[in-house]
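Everything on this sheet refers to the single structure shown next.
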2 protein chains.
Amino acid sequence: MMAEALSGSLEDYLEAIFFIEQQKQAARAKDIAQRLQVNHSSVTGALRTLSQKGLINYSPYDLITLTTKGRNVAKDIARRHEVLRHFLEDVLDVPPELAEETACKMEHVVRGEVLERFVKFIEFIEVSSRAGAGWVQCFHKYYSREWDEEECKKCLAGEKGVKKSCQEGSTGDHG
Amino acid sequence: MMAEALSGSLEDYLEAIFFIEQQKQAARAKDIAQRLQVNHSSVTGALRTLSQKGLINYSPYDLITLTTKGRNVAKDIARRHEVLRHFLEDVLDVPPELAEETACKMEHVVRGEVLERFVKFIEFIEVSSRAGAGWVQCFHKYYSREWDEEECKKCLAGEKGVKKSCQEGSTGDHG
DNA sequence: CTAAAATTTTAGGCAAACCTAAATATTGGA
DNA sequence: TCCAATATTTAGGTTTGCCTAAAATTTTAG
């Protein structure tokens, strides 16, 4: 009963349709081709396959919409993408464009149990930060070489005087 | 001069040869096929390609060794693999086999700048832990639902009394 | 040394994804 | 309405990476 896994490529098509559907009523081949930077004729083939798998409503020259099943699968893909992008960009402080690009590839290989670990990990970091450690900011300082081990050990251990220096100027000017 | 990127598949072959070379003097097609779970005839094709690219010493029926260039590339792949495996297994606490399997796929999409962020991030976590927070252990508690937000906020903020409870029984019995 | 066993390569195929070029269908404006 | 512009599909081809089966080579054991 469990549908067999989609290829990375088909996941990309489905995800693209999902986002285009959110902006317009329905997707058209042109939009998909543009978004994925592939030839129009490549789209046709992918649409046929997705249609066969019951993930989209499609017939030649027709508008393209997701089926209920397709929308669920697409949502899952989009969630993976978003979780990974968020981790890369806001925890590892990878520059936005690179984070986006990397998440795009990771989303096809990180699933299920591993993805949920990422989710919990991000949650945890956010709670930790709320707890007062300014933890992520400290990391951003760390790799950007503004790190003073003694000072930050204290910071991480919760001493008030130094904590501030780890929390200000956070978003990482890594140049 | 910069060699064009290898496909994920070819990276797998190169990495396999690297590990087999460490165990024996040289690799043979049989070993590679077994390690990668592919047919012998698939190996032949990959060897030809890697040879053409100057990454391995190879001629039909001969033993297989890495060239200097090939060894450098292979080391880089192996490093990516190891960094990611380490992160998944020891930070996210993903079960070893799944961590291994996932790292195997991630290694082909996480490179350069992003990989170095992972490296720094792991370093940072280790320093943080040394600083006394038992940070990773706290995370393992967190997702395994033994988490008490109030208690652990204090823990992360460095209060001595509660810190201990976050640090004991660490390695995550997440069942 | 030689025949059987093991190993490796070749030959031929298949499927996924992509491409270009050439139809075909749809749509909007005169 | 009908033509031109736009959009889409079909036809045919390439590359990558895998497979099976058969041939070729090397190794090993008697």
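Just so we're on the same page: letters track the sequence lines, and every chain starts at 1. Quantities reported herein were computed from a predicted structural model and do not represent experimental measurements.
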In terms of side-chain heavy atoms of [X], which of [options] is nearest?
X       : options               : value
B:Leu10 : C:dT9, D:dT10, D:dG17 : D:dG17
A:Val38 : D:dC18, D:dT9, C:dC19 : C:dC19
A:Asn39 : C:dA17, C:dT20, C:dT9 : C:dT20
B:Lys30 : C:dT7, D:dC18, C:dC18 : C:dT7
B:Tyr61 : D:dG17, D:dT8, C:dT8  : C:dT8
B:Thr44 : C:dC18, C:dT9, C:dC19 : C:dT9
A:Leu47 : D:dC19, C:dC19, D:dT9 : D:dT9
B:Ser7  : C:dC19, D:dG17, C:dT8 : D:dG17

task = Would you name the heavy atoms of A:Ala5 and A:Arg111 that are closest together and state the gap between them?
result = CB-NH1, 4.0 Å

ask   = OP1 or OP2 of C:dT10 sitting under 4.0 Å from any side-chain N/O of B:Arg48?
value = yes

request  = Give a yes/no answer on whether the side chain of B:Tyr13 brings an N or O atom under 4.0 Å of OP1 or OP2 in D:dC18.
outcome  = yes

To the nearest Å, give me how far apart [atom1] ([X]) and [atom2] ([N]) are.
X       : N      : atom1 : atom2 : result
A:Gln34 : D:dT6  : CD    : P     : 14 Å
B:His40 : D:dA23 : NE2   : C1'   : 16 Å
A:Gln37 : C:dA17 : CD    : C1'   : 16 Å
A:Ile32 : D:dT9  : CD1   : C1'   : 14 Å
A:Asp12 : C:dA17 : CG    : P     : 10 Å
A:Lys24 : D:dA7  : NZ    : C1'   : 12 Å
B:Tyr58 : C:dT7  : OH    : P     : 16 Å
B:Leu63 : D:dT26 : CG    : P     : 12 Å

ask   = With a 6.0 Å cut-off on ring centres, are B:Tyr13 and B:Tyr58 close enough?
value = no

message = What's B:Ser9 touching, base or sugar-phosphate or nothing? Going by heavy atoms closer than 4.0 Å.
response = sugar-phosphate

request  = For side-chain contact (heavy atoms from CB on, under 4.5 Å), just list the numbers for B:Ile32 and B:His40, CA-CA rounded to whole Å, side-chain angles, deciding distance to a tenth of an Å, and then say yes or no.
outcome  = CA-CA 8 Å; B:Ile32 301 169; B:His40 293 165; over 6 Å; no

remark   = Assert: residue with more 5' nearest nucleotide on DNA chain D, out of B:Ser42 and B:Arg28, is B:Ser42

query = Ignoring hydrogens and angles, does a donor from either the side chain of A:Ser41 or the base of D:dT8 sit under 3.5 Å from an acceptor on the other?
reply = no

inquiry  = Set out, in order, the CA-CA distance, both residues' side-chain angles and the distance that settles side-chain contact (heavy atoms from CB on, under 4.5 Å) for B:Asn72 and B:Lys69, then state yes or no.
reply    = CA-CA 5 Å; B:Asn72 287 335; B:Lys69 182 182 166 195; 5.7 Å; no

query = Angle class for the A:Phe87/A:Phe118 ring planes (parallel below 30°, perpendicular above 60°, tilted otherwise)?
reply = perpendicular

inquiry  = Quick check for you: to the nearest 0.5 Å, what is the distance between A:Arg71 atom CZ and A:Leu14 atom CG?
reply    = 10.0 Å

